[in-house]
Amino acid sequence: MEWFILVCVGLLAGTIGSLMGLGGGIIVVPALLWLGGTALLSEAVTPQVAVGTSLLIMIFTGLSSTFAYMKKGTVDYKSGLIFFIGSGPGALVGVWLNQGLQVQQFQIFFGLFVILMSFLLMIRHRLKPMEIKKKGIWRVYVDPEGQRYEYGFQAWLGILIAFFVGLLSGLFGIGGGTLLVPAMILLFAFPPHVAVATSMFMIIFTALLSSLSHLALGNVNWLFAAALVPGAWIGAKLGAVLNTRLKSDTIVFVFRLFLLFVGLRLIYEGWLG
């Protein structure tokens, strides 16, 4: 029964993570915390093990979805690698900070964070992207319908933002896409489809680095990981297909509602705990 539950969690995490560029950790981490120690998952799970296991799963989610997005031509490889210059060191700092968090603290901080992201997406139409200067990273993307997008960023700013993205990845086990995708859309005018695909590409490297750190600290449950990976791999491919078939505004709207629900639930659990 536990394996069936974990496979389903992996499938849901992979699908939503790939669809929205999250990596799936925003599903896996709360699920392990909520189910741990119950009749559905008898073994109790600490925040450290939930995060470490989630980051290991995200390596496979990132690989699976990136392969699918590569075929669609929506991955911006250069931008993804530039972001990793910042997210890599940030992930190591996040892993270090994670070691001192208790369950209730973790849930409340995590919940407040995802609600903030939901709010930023809610007001995104009132925010203007930063002025794009041609001396920075400059990109042009034409979607399958022929619509042309121009977007770009200053490398130093992208690396700085990615550092905090990586920090949150190592701290919360969320892959960083929860912050990076809104930043790319709001600050750098990335088309949502390109932002999601590029985020999944970067997550491969960030999750690999931070999960190795958690492995060294003994924060990975291998039995849970073995059950989560197959569902996450299949779900990531499914999410990538759905991403290319939904309108950009639809993706952002679903993303915002989902974050709001998860954030409120986490704060509620942490406060009662």
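Note that this is a predicted model, so its numbers are computed, not measured.
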So ring-ring contact (aromatic ring centres under 6.0 Å, His included) across residues 206-234, not counting sequence neighbours, yields none
When rounded to the nearest 0.5 Å, the distance separating CG of Leu208 from CD1 of Ile203 is 13.0 Å
Minimal heavy-atom distance between Met202 and Gly80, with the atoms involved, is CG-O, 3.6 Å
Closest non-hydrogen contact found for Phe190 with Thr198 is CE2-OG1, 4.5 Å
Shortest non-hydrogen pair, Leu56 vs Ser211, comes out as N-CB, 3.9 Å
Q) With distance as the sole test, does Thr15 use its side chain to make a donor-acceptor pair with the main-chain N or O of Leu11 at under 3.5 Å? A) yes
task: Apply the test side chain to side chain contact (heavy atoms under 4.5 Å, CB included) to residues Leu228 and Phe60: give CA-CA distance (whole Å), side-chain angles for both, the deciding distance (0.1 Å), then the verdict.
output: CA-CA 10 Å; Leu228 287 164; Phe60 298 93; over 6 Å; no
To the nearest 0.5 Å, atom CG of Leu260 lies from atom CD1 of Ile115 at 6.0 Å
* If you draw a 6.0 Å radius around NZ in Lys72, do more than 12 non-hydrogen atoms from other residues or ligands fall strictly inside? -> no
Checklist entry - Is the Phe83-Phe205 ring centre distance short of 6.0 angstrom? => result no
**Message:** Between Ser54 and Leu32, is the side chain to side chain contact (heavy atoms under 4.5 Å, CB included) condition met? List the steps.
**Reply:** CA-CA 9 Å; Ser54 171; Leu32 290 179; 5.6 Å; no
Between Met58 and Ala207 the two heavy atoms that sit nearest each other are CB-CB, 4.0 Å
Taking every heavy atom of Val28 against every heavy atom of Ala13, the minimum-distance pair comes out as CG2-CB, 3.6 Å
Hydrophobic clusters here meaning ILVMFWY residues chained together by side-chain heavy-atom distances under 4.5 Å, can you tell me if Ile27 and Val29 are in one?
yes
Nearest heavy-atom approach of Ala227 to Leu6 is CB-CB, 3.6 Å
Same cluster (ILVMFWY, side-chain, under 4.5 Å), Leu209 and Val95:
no
Same cluster or not: Leu97 versus Leu92, using hydrophobic residues (I, L, V, M, F, W, Y) connected whenever any side-chain heavy atoms lie under 4.5 Å apart?
no
inquiry  = Grouping I, L, V, M, F, W and Y whenever their side-chain heavy atoms are under 4.5 Å apart, do Trp96 and Val220 come out in a common cluster?
reply    = yes
*Do you reckon Trp34 sits in the same ILVMFWY cluster as Val7, going by side-chain contacts under 4.5 Å, direct or chained?*
no
Ile5 meets the side-chain contact (heavy atoms from CB on, under 4.5 Å) criterion, sequence neighbours left out, with Met1, Val9, Leu35, Leu40
d(Ile161 CD1, Phe153 CZ) to nearest 0.5 Å is 9.5 Å
Review point. Do Thr61 and Met200 pass the side chain to side chain contact (heavy atoms under 4.5 Å, CB included) test, and can you show the C-alpha distance, the side-chain angles, and the key distance before you say yes or no?
Key: CA-CA 8 Å; Thr61 304; Met200 294 305 300; 3.9 Å; yes
Taking distance alone, no hydrogens or angles, what donor-acceptor pairs closer than 3.5 Å link side-chain atoms of residues 43-53 to residues at least two apart or in another chain?
unit_1, atom_1, unit_2, atom_2, d
Glu43, OE2, Asn221, ND2, 3.3
Thr46, OG1, Val49, N, 3.2
Gln48, NE2, Asn98, O, 2.8
Gln48, NE2, Leu101, O, 3.0
Thr53, OG1, Val49, O, 2.8
Thr53, OG1, Asn221, N, 3.1

query: What's the verdict on side chain to side chain contact (heavy atoms under 4.5 Å, CB included) for Phe164 and Leu160, showing C-alpha distance, side-chain angles and the deciding distance?
result: CA-CA 7 Å; Phe164 290 101; Leu160 179 62; 4.0 Å; yes
To the nearest 0.5 Å, atom NE2 of His193 lies from atom OH of Tyr69 at 9.0 Å
When rounded to the nearest 0.5 Å, the distance separating OG of Ser210 from CG of Asn219 is 11.5 Å
Practice task
Name the orientation class of the two ring planes belonging to Tyr77 and Phe201 (parallel below 30°, tilted from 30 to 60°, perpendicular beyond 60°).
Solution key: perpendicular
Taken to the nearest 0.5 Å, the spacing of Trp156 CH2 from Ile159 CD1 works out to 10.5 Å
A quick test of your reading: do over 12 heavy atoms of other residues, nucleotides or ligands sit less than 6.0 Å from OH of Tyr141?
yes
So, Asp76 and Tyr151: side-chain donor and acceptor under 3.5 Å apart, yes or no? yes
I'd like to know if the side chain of Thr66 and the backbone of Gly62 have a donor-acceptor N/O pair within less than 3.5 Å.
yes
